[in-house]
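Only one structure is covered here, and it is reproduced in the block below.
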Amino acid sequence: MKKKVLATLMTAAMLATTLVGCGGGDAGSAPAADGGAAEEAPAADAGSDDAAAADDGAAEEAPADDAAAAEEEIPTATFGDPNGTHMEMWTFVEIHGQHYGNMVEKWNEQNPDRTIEITCTTYPYADMHTKLLTSLNAGTGAPDICDVEIGQFPNVVAGLDTWLVPQNDAAAPYLDTMVPARMAVYSGSDGNNYGIPYHVGATVMYYNMAALEEAGLSQADVDAVVTWDDYAALGQKYLDAIGNPEDKHWTSVDTAGCDWLWIAMAEYGEDWTGGMGGTANVQLDSVKKMLTMQQEWVNSGLAMVSPDGHVDLEAGFQNILDHNIVSFPKAMWYMSRFTNYMPEEKGNWYIAKCPVFEAGQKCSVGIGGTGTVVTQQAVDKDLASEFLCWAKMSEEGEQLIWDNLGFDVCNTVLWNDDAFAHDDNNQYNQFFRNYPYDVLYSIKDDIGTVYTVAISPTINEQMCNVTLNDVLENGMDVEEALQAAQDVVDLEQ
């Protein structure tokens with residue numbers, strides 16, 4: 001373990017930039033880190049959804065400028081009972097800490113004999129993850145509880161139960177109603193669960209129904225879309241209706257994010273990482289099919305290349321506001337990007353399930369995320385684990401995650417709860433034409449899994465820096481581009 005520390009820490013530092021651009025492990029530079037921190041501006045597809053989230057829920061994407069953030073005062077807040085068990089909690093999204101502050105007050109009311117005081121410290125993204133790895137390896141200095149962005153999780157979970165506390169027992173009361181795919185991505189090679197998620201990050205399709213209606217199309221037309229062929233046909237019908245202007249397109253494809261490719265892999269049940277302990281292979285049929293289809297769309301004008309590489313940056317928001325594209329796939333945490341950065345679009349957009357290549361395939365995949373862990377250095381491991389799982393997995397905790405962070409929660413018992421899913425006071429229910437959880441409930445059994453493992457940074461960096469540009473910008477042959485990418489990946493495994 002000691003000999004691997006330097007490499008691990010270097011990987012952690014690299015992830016702050018490389019993962020910040022690919023959605024799947026999408027560790028991107030998007031707004032925050034879990035897609036959730038409203039305080040952070042979008043950056044690059046960190047795979048997070050948390051970035052914009054806080055205002056989205058939090059911060060799945062890492063803040064764009066950690067160096068500048070490091071020079072600012074580190075936000076720290078203490079909540080709970082001064083006479084209770086004191087715990088330290090680290091995060092990289094301030095609003096995440098506020099969630100635990102709210103939950104610790106509720107915990108203390110319900111557990112007067114086991115009260116807690118928690119101090120939440122918000123560090124810059126890269127600083128926090130490097131500091132955590134250093135303290136875990138040293139065996140001292142780690143917090144009781146800590147957020148870990150999904151792109152960083154392979155580094156932190158490398159120490160397994162010598163570094164982290166398995167959450168199997170504490171999570172057990174909630175597992176029957178939690179989305180299995182989300183729990184799986186925060187597991188270790190030993191099969192134990194080590195991280196507790198904030199959200200599903202389920203990928204859905206966003207349609208500008210106002211623009212489609214102006215072109216004579218209806219919601220029924222959108223609902224009739226099943227396959228990607230159906231989707232492309234509807235897009236061509238839209239473009240024909242508006243006269244095929246050069247600056248208007250049906251959708252945009254990404255060169256700095258892998259979300260589209262994750263969708264394809266989930267639909268075919270494939271995973272280019274090989275999963276836990278597997279061999280990475282980017283030359284998958286699903287990836288070839290998606291890239292080939294996208295290349296054809298770009299050549300025909302059905303699609304454009306996303307400004308700045310993907311829709312989760314300022315240029316991407318403006319492209320949507322200008323109605324240069326009227327549909328695109330993205331995780332449900334992207335709802336917060338609309339409310340935070342495109343409020344004038346309220347009432348225009350409709351959410352639907354993603355198309356598939358073949359009827360009957362899974363039609364979604366969880367993208368981005370932040371898993372919260374309990375370290376072996378916690379003062380009371382059992383209490384910390386019980387509190388963490390309750391704060392993030394109970395119906396009470398999930399209600400606050402939805403209301404305050406805007407995440408699609410993992411506890412499926414709430415998805416079909418009218419009071420929860422159809423609350424007209426909720427800002428997302430007000431913003432979109434349909435109830436987001438109606439869509440999520442309809443796909444609850446069709447959400448696939450793609451893992452984020454040690455090789456993920458290499459894959460993401462190669463795809464986002466080279467392969468996607470070669471194929472979508474330069475028209476390179478898909479087979480040739482993927483062979484080149486595989487050669488790079490093979491050097492690292």
Side-chain angles (χ1 to χ4, degrees), residues 34 36 50 54 57-58 75-91 93-122 132 142-148 161 163-179 182-183 186-187 192-199 370-407 409-415 417 419-420 423:
D34 225 282
D50 296 348
T76 299
T78 299
F79 310 92
D81 180 8
N83 298 314
T85 300
H86 183 79
M87 299 182 187
E88 294 288 333
M89 191 257 173
W90 293 353
T91 183
V93 182
E94 190 169 4
I95 197 168
H96 286 189
Q98 294 170 16
H99 173 71
Y100 293 106
N102 290 331
M103 293 307 293
V104 80
E105 299 294 347
K106 293 179 179 294
W107 171 274
N108 290 343
E109 291 175 4
Q110 298 176 26
N111 300 274
D113 58 332
R114 294 191 300 158
T115 59
I116 295 171
E117 181 186 55
I118 189 167
T119 297
C120 298
T121 303
T122 305
L132 176 63
D144 300 80
I145 300 172
C146 193
D147 277 348
V148 181
D161 58 3
W163 284 0
L164 307 176
V165 177
Q167 295 301 302
N168 306 36
D169 293 340
Y174 314 102
L175 290 180
D176 286 348
T177 57
M178 294 292 285
V179 176
R182 278 287 92 180
M183 299 304 296
Y186 298 112
S187 61
N192 287 326
N193 178 271
Y194 289 101
I196 307 302
Y198 282 99
H199 63 70
T370 292
T372 310
V373 304
V374 174
T375 76
Q376 287 288 356
Q377 297 175 42
V379 64
D380 189 329
K381 301 179 186 64
D382 290 341
L383 181 60
S385 295
E386 187 177 348
F387 168 71
L388 170 62
C389 291
W390 173 80
K392 294 188 74 175
M393 302 171 75
S394 69
E395 293 181 32
E396 194 168 5
E398 297 280 60
Q399 179 75 61
L400 288 184
I401 288 176
W402 170 234
D403 290 342
N404 298 336
L405 304 184
F407 291 146
V409 300
C410 297
N411 193 331
T412 60
V413 74
L414 296 169
W415 294 4
D417 182 314
F420 176 87
D423 178 6

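Computed from heavy atoms alone, side chains included, the values below leave out hydrogens, waters and symmetry copies.
A perpendicular orientation is assigned to the rings of H99 and Y198, their planes being inclined by more than 60° (bins at 30° and 60°).
At a threshold of 4.5 Å between non-hydrogen side-chain atoms, the residues Q110 and W390 count as touching.
Contacts of F387 classified as ring-ring contact (aromatic ring centres under 6.0 Å, His included), with partners at least two apart in sequence or in another chain: W107. Under the side chain to side chain donor-acceptor pair (under 3.5 Å) criterion, N102 pairs with no residue, sequence neighbours left out. Among residues two or more places apart in sequence or in another chain, the ring-ring contact (aromatic ring centres under 6.0 Å, His included) test is passed with W90 by Y123. Evaluation of the side chain to side chain donor-acceptor pair (under 3.5 Å) rule for D382 yields no partner, not counting sequence neighbours. Take E395 and apply the side-chain contact (heavy atoms from CB on, under 4.5 Å) test, not counting sequence neighbours, and it matches N411, V413, L414. Evaluation of the side chain to side chain donor-acceptor pair (under 3.5 Å) rule for D144 yields no partner, not counting sequence neighbours. Remark: T412 pairs with T177, V179, W415 by the side-chain contact (heavy atoms from CB on, under 4.5 Å) rule, at least two apart or across chains. Annotation: side-chain contact (heavy atoms from CB on, under 4.5 Å) contacts of E105 (sequence neighbours excluded): F79. Residues that satisfy the side chain to side chain donor-acceptor pair (under 3.5 Å) test with E398, not counting sequence neighbours, are absent from this structure. Residues satisfying the salt bridge (charged side-chain N to carboxylate O under 4.0 Å, His left out) criterion with E88, sequence neighbours excluded, are absent altogether. Judged as a side-chain contact (heavy atoms from CB on, under 4.5 Å), and not counting sequence neighbours, the contacts of N192 are P166, N168, D190, Y194.
A donor-acceptor pair is defined here as one N or O able to donate and one able to accept, closer than 3.5 Å; such a pair exists between the side chain of N193 and the backbone of M183. Formation of a donor-acceptor pair under 3.5 Å by the T115 side chain with backbone atoms of N108 is not found in this model. Remark: the backbone N or O of L164 is paired with a side-chain donor or acceptor of Q376 at under 3.5 angstrom. Formation of a donor-acceptor pair under 3.5 Å by the N111 side chain with backbone atoms of R114 is not found in this model.
Here the shortest heavy-atom pairing between P112 and E109 reads CD-O, 3.9 Å. Considering all non-hydrogen atoms of both residues, C389 and I196 come closest at SG-CD1, 3.8 Å. Scanning both residues, P143 and L132, for their nearest heavy atoms gives CD-CD1, 4.0 Å. When every heavy atom of M103 is checked against every heavy atom of G397, the shortest pair comes out as CE-CA, 3.5 Å. Here the closest heavy-atom approach between residue G97 and residue C120 is recorded as O-SG, 3.7 Å. Listed here is the closest heavy atom pair of K392 and T370: NZ-O, 3.7 Å.
Between the CG atom in L400 and the CZ atom in F407 there is a gap of 13.5 Å [rounded to 0.5 Å]. Taken to the nearest 0.5 Å, the CG atom of L388 stands 8.5 Å off from the CE atom of M393.
Exactly one of V373, T375, V374, I145 qualifies for a side-chain contact (heavy atoms from CB on, under 4.5 Å) with V165. That residue is V374.
At most 12 non-hydrogen atoms from other residues, nucleotides or ligands lie less than 6.0 angstrom from CG of D169. Counting non-hydrogen atoms of neighbouring residues, nucleotides and ligands closer than 6.0 angstrom, the NZ atom of K106 reaches no more than 12 such neighbours.
T372 and Y100 are linked by a side-chain donor-acceptor pair at a separation below 3.5 angstrom, with hydrogens and angles left out of the test.
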Might you work through the side-chain contact (heavy atoms from CB on, under 4.5 Å) test for D147 and M89, ending with a clear yes or no?
-> CA-CA 8 Å; D147 277 348; M89 191 257 173; 3.6 Å; yes
Does the side-chain contact (heavy atoms from CB on, under 4.5 Å) test come out yes or no for N404 and Q98, once each step is laid out?
-> CA-CA 9 Å; N404 298 336; Q98 294 170 16; over 6 Å; no
Verify side-chain contact (heavy atoms from CB on, under 4.5 Å) between V104 and M87, making sure each step is shown before the conclusion.
-> CA-CA 11 Å; V104 80; M87 299 182 187; over 6 Å; no
